[in-house]
2 protein chains.
Amino acid sequence: MTQQNRNSPAPASAERGGHAEGPRKAADEKQVFLDYLARQNLKLTRQREAVVNEIFRDSGHFEAEEIVQRLRNNRVRVSRATVYRTLELLKECQLVEQHNFGTAQSYYEHVHLGEHHDHLICTQCGNVIEFYNQRLEDVQQEICSNFGFEETHHSLRIFGVCSKCRQS
Amino acid sequence: MTQQNRNSPAPASAERGGHAEGPRKAADEKQVFLDYLARQNLKLTRQREAVVNEIFRDSGHFEAEEIVQRLRNNRVRVSRATVYRTLELLKECQLVEQHNFGTAQSYYEHVHLGEHHDHLICTQCGNVIEFYNQRLEDVQQEICSNFGFEETHHSLRIFGVCSKCRQS
DNA sequence: GTTAATGCAAACGCTTTGCAGTACA
DNA sequence: TGTACTGCAAAGCGTTTGCATTAAC
């Protein structure tokens, strides 16, 4: 469902995708989350930890319901409500982003510390291609600066037909 | 709620915003819609026409419900269902775009023939600033071409704090 | 006259919430 | 032991849909 690509200088590790990120990095991310909980006087529950671990195992896009199912397949029962509540926390510490690709539900995405990318979305097969382009980021920076606007984050979605679908 | 801005060569008329577009242009757009109906063997009903006129009167962002209310204030009763169905048609002939700005509901926008812009969204006051930047478009074009991707449309949303909110 | 459109209200699907019971710190 | 968290089921909310009626062509 998701491809990984970079067509410009990669600002961080290049081995993204699948389960390939190094153990140190995942540990760092988990620490960010733990620190956040501590700072807010929140508790690390069995369920919260299970959800976070499941999300950190991978770097693709997923739906909330998918996490419920993946955990259930592993014999871990966590309610939908708790998954949504945990996603909210992860968004707050910028470890997860929420996307809308034109359908009713939201897609979430595990974002690695400080990394960012945008999306090409094939409206025929639903495939989502990720890319990062430094020039694009620079131009956006400049636009914000022109408007005296202080960016926190952005989302660029390019819709169209991917190369595979164009061939068939 | 919405500002209009261009910080790059304007590809079309500069007097956009408010109710300022010329009568010729509005007529052209209506013709596009009428042609579309004819081509698809669809009918121009009283309700459909009322919805389209109401949308073409203005160029800001709006919610579906807002159209229902604006018409009702003018003593024109059109059901929510019909408004949604008409918006669908307008999207199909590219006279309206659908956006998600991070809240539950969709925002729609009357887009003028062949024009396009992106959005800066202030997460503090909710203000939406429109902009167009040719360099940005060029870079996107290039990215698509690198991926063999055929773009139909795109949406860039930059979230952050606008200059007014930064001052206060 | 035929075909498509409308309005209503019910259905939908994702997400959120109130609340009583549970578990972390 | 106190406070936060969980699960459940119900509610919310924007949006879509089935169906009987109405209107365009």
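- Taking 4.0 angstrom as the limit, S106(B) places a side-chain polar atom (N or O) nearer than this to OP1 or OP2 of dT15(D).
- Going from atom CD of E88(B) over to atom C1' of dG14(D) covers 14 Å, rounded to whole Å.
- Other residues, nucleotides and ligands contribute over 12 non-hydrogen atoms within 6.0 Å of the CD atom of Q69(B).
- A donor-acceptor contact under 3.5 angstrom links the side chains of K30(A) and N53(A), judged on distance only.
- The closest side-chain donor-acceptor pair between Y108(B) and E63(B), if any, does not fall under 3.5 angstrom.
- Checking the phosphate oxygens (OP1, OP2) of dG7(D), a side-chain nitrogen or oxygen of Q47(A) falls inside 4.0 Å.
- A donor atom on one side chain and an acceptor atom on the other are found under 3.5 Å apart for D35(A) and Q31(A).
- Rounding to whole angstrom units, CG of residue L87(A) and P of dT6(D) are separated by 12 Å.
- Residue contacts for A104(B): at a heavy-atom cut-off of 4.0 Å it reaches no nucleic acid atom on any strand shown.
- When the side-chain nitrogen and oxygen atoms of T45(B) are compared with OP1 and OP2 of dA23(D), none of them lie within a distance under 4.0 Å.
- The 5' end of DNA chain D is approached more closely, in terms of each residue's nearest nucleotide, by T86(A) than by the other of Q98(B) and T86(A).
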For this session: Let me see the working for H117(A) and E109(A) under side chain to side chain donor-acceptor pair (under 3.5 Å), right down to the final yes or no.
Result: CA-CA 11 Å; H117(A) 59 249; E109(A) 174 173 22; 2.5 Å; yes
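- Taking every nucleotide of DNA chain C with any atom under 4.0 Å from a non-hydrogen atom of chain A, the first and last of them, 5' to 3', are dC14(C) to dA25(C).
- Taking 4.0 angstrom as the limit, R77(A) places a side-chain polar atom (N or O) nearer than this to OP1 or OP2 of dC8(D).
- Atoms CD (E49(A)) and P (dT6(D)) sit 12 Å apart, rounded to a whole Å.
- Across the interface with DNA chain D, nearest-nucleotide mapping of A81(B) and R46(B) shows A81(B) to be the residue nearer the 5′ end.
- Looking at H110(B) and E29(B), their side chains do bring a donor and an acceptor atom within 3.5 Å of each other.
- Atom OH in Y107(B) sits about 15 Å away from atom C1' in dT15(D), given to the nearest Å.
- For R80(B) and dT15(D), the CZ to P distance is 11 Å, given to the nearest whole Å.
- Rounded to whole Å, the distance from CZ on R72(A) to P on dG7(D) is 10 Å.
- Here the P atom of nucleotide dC13(D) and the OH atom of Y84(B) are 13 Å apart, to the nearest Å.
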For this session: Give the intermediate values and the outcome of side chain to side chain donor-acceptor pair (under 3.5 Å) for residues Q47(A) and T82(A).
Result: CA-CA 8 Å; Q47(A) 293 90 333; T82(A) 294; over 6 Å; no
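- Among the atoms of the strands shown, base atoms are found under 4.0 Å from some heavy atom of R85(A).
- Looking at the side chain of S79(A), the nearest of the listed nucleotides dC8(D), dG14(D), dC25(D) is dC8(D).
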